[in-house]
Amino acid sequence: MIYRETGQYKATYGADQQLFPIVQDRYFFFAFMAFLVIYPVFFGSDYLFQVVLYPVLGLGLCALGLNILTGYCGQISLGTGGFMAIGAYSFFKITTIFPDLNILIIFIFAGLISALFGILIGLPSLRIKGFYLAVTTLAAQFFVEWCINRSDWLSNYSPSHTIGAPPRELFGFLVMGPEAPGSAKYLVMLFIVAVMTLFARNLVRGRIGRSWMAIRDMDIAAELIGIRPLFTKLSAFAIGSFYIGVGGAMHVMFNLENVDPEAFEIFSTSFPILFMIMIGGLGSILGAYMGAAFIVLLPVLLRNAFPFLGIDIASHVIQHIEFMLFGGLIVFFLIVEPAGLARLWQILKEKLRQWPFPY
Amino acid sequence: MVTDHKQIGEALLQVNNVSLSFGAVQALSDVSFEVREHEILAIIGPNGAGKSSMLNVINGFYTANEGSIVYKGISRAKMEPADVARNGVSRTFQNIALFRGMTTLDNIMTGRNTKMHRNFIWQAIYIGPARNEELEHRRKAEEIIDFLEIQAIRKTPVGRLPYGLQKRVELGRALAAEPELLLLDEPMAGMNTEEKEDMCRFILDVNEEFGTTIALIEHDMGVVMDISDRVVVLDYGRKIADGSPDEVRGNQSVIDAYLGVSRE
Ligand SMILES: Nc1ncnc2c1ncn2[C@@H]1O[C@H](COP(=O)(O)OP(=O)(O)OP(=O)(O)O)[C@@H](O)[C@H]1O
Ligand SMILES: [Mg+2]
């Protein structure tokens, strides 16, 4: 009865085009955002930050980038880890060369470098599709890994090509590096993620978003109504890679803080992020974050659940259980609900809207 | 029924000696005809006659092996489909080619994409110019939705719509681009009588109200005779007749083609 669309009439197209046409959705969203700001700042523990919040935000942004490319524009990519590495190493290099440059600007540049690389990798997408394109992106992933392992300059001549988060301030507050308070890093991440998510939301509901989806759903028809396939695909590669680059840089600089090239490996990054959008929902912004939360939280829950129930299980067994669960879930979502958790959430809301009198 | 107040003008599109082959299959041989401003031209012919291929050549989707297309006085041998569309040619497809994952409204809005110019930074910010542009085009899209009487399915993903409605949405998407030349590939195939009547009405209305030139492929002879100003008949990739519906109906080679009389 409380969650109702009835009685909320839209008198203008402007009102109908809002982000949250239903009033209750709007309230719920603002309440949730307020909670995301207030609760961790006052009650957040290091555990909450490092195990849950940082990874969900950082990887969630990467998942959003991949979802723009794969979910909205239909171009499969297995190179996510490579683009994250480009973002992270670019950030590291720029901030060592210009230590006083505002970190928000550096994140933008890190994203832009990743976007440029994305355009390069996207060039073959006009000719090759699906599986073959995926293999090309895989090659890009290996190429990036190889470059990082080859170049000493990229990691400032660290012997194992490791990079770390340097101490950096933003508007006079220490927000980066081992000494920075957890909530400060969190707020910067949340700010960047919130702004970029809003931008993505605006993009996908406008002209560019429709071009992406048109190419995804039927590229020939899209071309015959005037959409240029190469430009459209490259724009998805550029913008998707921008998001992945920024997400990767944040994930490294705020969360991991010290990484070697192995951290960006295909099995530890590219695949999990692909799973996030498959489980969360292809072509959904909310889905990217739901998928990220799910993939980040499931292992945490499993690791805590068995000891909590008094069952003594070796950690490597838990890891196997994790793999099996992920495998099963991916098959489940592929077959039963390709639109993922985001769609389930939508169905729940539709049910709720009709409750208690469904017709 | 040829409407009397309609002014049929000069040739908008000329097809000059077009030939097209797929390997050994000669889909079109030396076909020439013209589409005149504001008219409804029907292209008919038995299955496999090369009708769809003809539209695909006009579209730039296939490139003719020989011959040329002159559109608005400009001749071309080869042109990218996207550029043809941007020059005012829209079409629908024999097998519906909608964007299945998108709503009716989004499909129609996509038809207007080439008319929108705000760059991606404005679009990301949305508030301001991009929003105004979006709303302006939404208004146009809603006019088409009203015209085609599909208000109720505005927010429905088109993949869930019945066949007849999908055909209508596809027409809407083509109209959204405000074309000068509208190519319709079997717009009434697989429809029941009532749906066909609606579709005929829409096609005639588009032609009369907006003055849009229409070239359509249709198998239903009743429909063809009713709505077209002129008819071009293809058979085995050749043009065998070209004229008013009445002339074509009485043409012996057309009768033979439809009755399957051997050409030898
Ligand atoms: N892409 C293609 N590759 C090979 N052959 C093709 C191709 N497209 C069409 N053809 C062939 O060209 C000929 C003409 O086909 P087309 O689709 O233009 O016929 P049509 O008149 O539209 O027939 P229908 O009434 O069945 O739609 C047919 O013999 C068909 O097999
Ligand atoms: Mg055909």
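Numbers restart at 1 for each chain; the letters A, B, ... are given by sequence-line order, proteins then strands.
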Novice: So which residue, B:Ala124, B:Gly111, B:Ala176, ends up with the most heavy-atom pairs under 4.5 Å with chain A?
Specialist: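 Heavy-atom pairs under 4.5 Å are most numerous for B:Ala124.
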Novice: In Å, rounded to the nearest 0.5 Å, how long is the span from CD1 of B:Ile121 to CZ of A:Phe199?
Specialist: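 Separation between the atoms: 9.5 Å.
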Novice: Heavy-atom count around A:Phe231 CZ within 6.0 Å, excluding the residue itself: above 12?
Specialist: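 No, the 6.0 Å shell around CZ holds no more than 12 heavy atoms from other groups.
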Novice: Any side-chain heavy atom of A:Ile225 sitting closer than 4.5 Å to one from B:Arg91?
Specialist: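 A:Ile225 does not reach B:Arg91 side chain to side chain.
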Novice: Is any side-chain heavy atom of A:Leu224 closer than 4.5 Å to a side-chain heavy atom of B:Phe93?
Specialist: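 Yes; the side chains approach each other to less than 4.5 Å.
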Novice: Answer with side chain, backbone, both or neither: which region of B:Ile127 has an atom nearer than 4.5 Å to a non-hydrogen atom of chain A?
Specialist: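 Contact with chain A is absent: no heavy atom of B:Ile127 under 4.5 Å.
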Novice: Strictly distance-based, threshold 3.5 Å: is any side-chain N or O of B:Glu134 a donor or acceptor partner for the main-chain N or O of A:Gly206?
Specialist: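 A pair under 3.5 Å: no.
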Novice: Does any backbone or side-chain atom of A:Ile239 lie under 4.5 Å from a heavy atom of chain B? Answer side chain, backbone, both or neither.
Specialist: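 The side chain, not the backbone.
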Novice: Looking at B:Tyr126, I want to see if its OH is surrounded by more than 12 non-hydrogen atoms of other residues, nucleotides or ligands under 6.0 Å.
Specialist: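 Result for OH/B:Tyr126: enclosed.
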Novice: Locate the shortest heavy-atom distance separating B:Thr114 from A:Gly226; write the atom from each residue and the value.
Specialist: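 The pair with the smallest heavy-atom distance is CG2-O, 3.3 Å.
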Novice: Tell me whether A:Arg210 contacts the main-chain N or O of B:Asn107 through its side chain, where contact means a donor paired with an acceptor under 3.5 Å.
Specialist: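 No.
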Novice: Can you confirm whether A:Leu348 is buried at CG, in the sense that more than 12 heavy atoms of other residues, nucleotides or ligands lie under 6.0 Å from that atom?
Specialist: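 Above 12, so yes.
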Novice: How far apart are the closest heavy atoms of B:Asn119 and A:Arg207, and which atoms are they?
Specialist: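 Closest heavy-atom pair between B:Asn119 and A:Arg207: CA-NH2, 4.2 Å.
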Novice: With rounding to the nearest 0.5 angstrom, report the CG to CD1 distance, B:Asn113 to A:Ile208.
Specialist: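 Atom-to-atom, B:Asn113:CG and A:Ile208:CD1 are 9.5 Å apart.
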Novice: Decide if atom CD of B:Gln94 counts as having more than 12 heavy atoms of other residues, nucleotides or ligands within a radius under 6.0 Å.
Specialist: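 Check passes, neighbour count above 12.
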Novice: Taking the side chain from B:Gln123 and the backbone from A:Asn202, do they hold a donor-acceptor pair closer than 3.5 Å?
Specialist: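 Absent.
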Novice: Grab the two heavy atoms, one from A:Ala221 and one from B:Phe99, that are nearest each other, plus how far apart they are.
Specialist: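 For A:Ala221 versus B:Phe99, the nearest heavy atoms are CB-CE2, 4.1 Å.
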Novice: Decide yes or no on side chain to side chain contact (heavy atoms under 4.5 Å, CB included) for B:Leu98 and A:Asp217, but give the supporting numbers first.
Specialist: CA-CA 8 Å; B:Leu98 283 170; A:Asp217 284 352; over 6 Å; no
Novice: Contact part of B:Lys155 toward chain A, heavy-atom cut-off under 4.5 Å: side chain, backbone, both or neither?
Specialist: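 Side chain only.
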Novice: Select, from A:Met213, A:Arg201, A:Arg205, the one with the greatest count of heavy-atom pairs under 4.5 Å involving chain B.
Specialist: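 Top count of heavy-atom pairs under 4.5 Å with chain B: A:Arg205.
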Novice: Quick one: of B:Glu80, B:Glu142, B:Arg173, who has the most non-hydrogen atom pairs under 4.5 Å with chain A?
Specialist: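 With the most close heavy-atom pairs to chain A, the winner is B:Glu142.
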Novice: Step through the shown structure and confirm whether more than 12 heavy atoms of other residues, nucleotides or ligands are within 6.0 Å of CG on B:Asp146.
Specialist: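 Enclosed: over 12 neighbouring heavy atoms sit under 6.0 Å from CG of B:Asp146.
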Novice: Shorter than 4.5 Å, heavy atoms on both sides: which option in A:Ala222, A:Gly209, A:Gly283, A:Ala200 has the most such pairs with chain B?
Specialist: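 Top count of heavy-atom pairs under 4.5 Å with chain B: A:Ala222.
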Novice: Are there more than 12 heavy atoms of other residues, nucleotides or ligands under 6.0 Å from atom NZ of B:Lys115?
Specialist: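 Correct, the count exceeds 12.
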Novice: Please find the pair of heavy atoms, one from B:Phe120 and one from A:Leu203, that lie closest to each other, and give the distance.
Specialist: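 Smallest heavy-atom distance, with atoms named: O-CD2, 3.5 Å.
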Novice: Quick one: closest heavy-atom pair of A:Met218 and B:Ala97, and the distance?
Specialist: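 Here A:Met218 and B:Ala97 meet closest at SD-CB, 3.3 Å.
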Novice: In terms of heavy-atom contacts, does CZ of B:Phe22 have more than 12 from other residues, nucleotides or ligands at under 6.0 Å?
Specialist: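 For B:Phe22, atom CZ is crowded (more than 12 foreign heavy atoms under 6.0 Å).
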